Amino acid sequence: MLYVDTSILVGFCTQEGKSLAIHKWYDNSKDAKLISSTWTFTEFTSALSIKERTGQITPKESKSAWKLFEAICTNDIELLPIENKVFYSAGLLVLDSKFKLRSGDALHLAAAKFLKAKSIITLDKVLEKNASRLKIKTIVI
């Protein structure tokens, strides 16, 4: 199982610097079991809202990105629920400030660990470093 961080989905559904590489990875990942957590819904919509408010995308592009995200979640990525103990584990990860984790990234890491994902794919360097610390293999794009 491969845990997909929201940064990958944002880069897939909107135009960013790594979008082409993400599309190539996605096209080659059809045989992998892709998972993420339901937290991804909230984080993805937040990213779209920020991009729209800051003029990075238009409202029309935001709607289009949302439709693509929904299609991916319906067809290719299984979004799994987060249990209370995962929130607790994420809290412990952020508690140690030297690791520089934000709450959302800690929640992804705790979920990936709880769901027994063999690896995680992300564009976030801090998340990537902490995944390695937790012995979760990272896929680099």
Side-chain angles (χ1 to χ4, degrees), residues 1-97 99-141:
M1 283 191 300
L2 172 59
Y3 189 96
V4 181
D5 176 46
T6 309
S7 63
I8 296 296
L9 295 167
V10 172
F12 186 86
C13 297
T14 66
Q15 188 58 42
E16 293 187 343
K18 295 267 187 168
S19 292
L20 183 58
I22 294 168
H23 281 267
K24 285 181 183 177
W25 164 80
Y26 186 75
D27 288 343
N28 293 321
S29 69
K30 297 300 180 187
D31 293 333
K33 177 166 176 60
L34 304 177
I35 63 168
S36 197
S37 67
T38 51
W39 161 242
T40 302
F41 276 118
T42 304
E43 196 172 39
F44 185 86
T45 56
S46 175
L48 285 185
S49 180
I50 290 168
K51 283 180 171 289
E52 193 174 326
R53 283 194 315 267
T54 59
Q56 296 175 59
I57 61 174
T58 65
K60 184 178 178 182
E61 290 169 326
S62 180
K63 285 180 183 173
S64 179
W66 175 251
K67 285 182 182 179
L68 181 55
F69 173 76
E70 283 186 313
I72 290 168
C73 292
T74 300
N75 299 312
D76 300 325
I77 297 176
E78 185 177 3
L79 297 184
L80 299 167
I82 300 174
E83 294 187 20
N84 287 339
K85 60 185 161 188
V86 175
F87 286 95
Y88 180 79
S89 295
L92 294 178
L93 289 172
V94 246
L95 190 59
D96 194 338
S97 64
F99 296 115
K100 301 178 182 173
L101 269 172
R102 295 172 299 188
S103 57
D105 293 339
L107 191 53
H108 279 303
L109 281 175
K113 190 88 171 159
F114 178 77
L115 296 168
K116 298 179 178 24
K118 295 194 187 293
S119 53
I120 189 169
I121 184 164
T122 183
L123 297 177
D124 187 297
K125 296 300 177 197
V126 174
L127 179 62
E128 182 183 329
K129 274 186 182 179
N130 281 279
S132 296
R133 181 172 66 87
L134 295 175
K135 303 199 180 348
I136 301 172
K137 181 183 166 194
T138 55
I139 295 175
V140 179
I141 289 192

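Just so you know, residue 1 is the first one in the sequence shown, and it goes up from there. Since the model is a prediction, treat every value here as computed from it, not as a measurement.
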Which atoms form the tightest heavy-atom contact between [X] and [Y], and what is the distance?
X: Ile120; Y: Ala131; value: CG2-CB, 3.8 Å
X: Ser7; Y: Leu123; value: OG-N, 2.9 Å
X: Leu127; Y: Leu109; value: CD1-CG, 3.2 Å
X: His108; Y: Glu43; value: NE2-OE1, 2.5 Å
X: Ile136; Y: Ala112; value: CD1-CB, 4.2 Å
X: Ser119; Y: Ile139; value: OG-CD1, 4.0 Å

Measure the [atom1]-[atom2] distance between [X] and [Y] for me, rounded to the nearest 0.5 Å.
X: Glu83; Y: Ser37; atom1: CD; atom2: OG; answer: 12.5 Å
X: Ile22; Y: Ile8; atom1: CD1; atom2: CD1; answer: 4.5 Å
X: Leu79; Y: Thr74; atom1: CG; atom2: OG1; answer: 9.0 Å
X: Ile77; Y: Leu2; atom1: CD1; atom2: CG; answer: 8.5 Å
X: Thr40; Y: Ile82; atom1: OG1; atom2: CD1; answer: 7.5 Å
X: Trp39; Y: Phe87; atom1: CH2; atom2: CZ; answer: 8.5 Å

pair [X]-[Y]: side-chain heavy atoms closer than 4.5 Å:
X: Arg133; Y: Leu93; result: yes
X: Ser46; Y: Thr6; result: no
X: Gln56; Y: Glu16; result: no
X: Lys129; Y: Thr138; result: no

Distance-only donor-acceptor check, side chains Asp124 and Thr122, under 3.5 Å: no

Salt bridge present between Lys125 and Glu128 (N-O < 4.0 angstrom): yes

Give a yes or no on whether the backbone of [Y] and the side-chain of [X] come within a donor-acceptor separation of less than 3.5 Å.
X: Asn28; Y: Lys24; result: yes
X: Ser19; Y: Thr14; result: yes
X: Ser36; Y: Tyr3; result: no
X: Ser29; Y: Tyr26; result: yes
X: Lys18; Y: Ile141; result: yes
X: Ser89; Y: Lys85; result: yes

Pairwise ring-ring contact (aromatic ring centres under 6.0 Å, His included) hits with a residue in residues 49-85, at least two apart: Phe41-Phe69, Phe44-Phe69, Trp66-Phe69

CZ/Arg102: more than 12 non-hydrogen atoms of other groups inside 6.0 Å: no

Chi angles and distances behind the side chain to side chain contact (heavy atoms under 4.5 Å, CB included) call for Leu134, Asn130: CA-CA 6 Å; Leu134 295 175; Asn130 281 279; 5.5 Å; no

Side chain to side chain contact (heavy atoms under 4.5 Å, CB included) between Asp105 and Lys100, intermediate numbers included: CA-CA 10 Å; Asp105 293 339; Lys100 301 178 182 173; over 6 Å; no

Chi angles and distances behind the side chain to side chain contact (heavy atoms under 4.5 Å, CB included) call for Glu61, Gln15: CA-CA 10 Å; Glu61 290 169 326; Gln15 188 58 42; over 6 Å; no

Residues in salt bridge (charged side-chain N to carboxylate O under 4.0 Å, His left out) contact with Lys30, at least two apart in sequence or another chain: Asp76

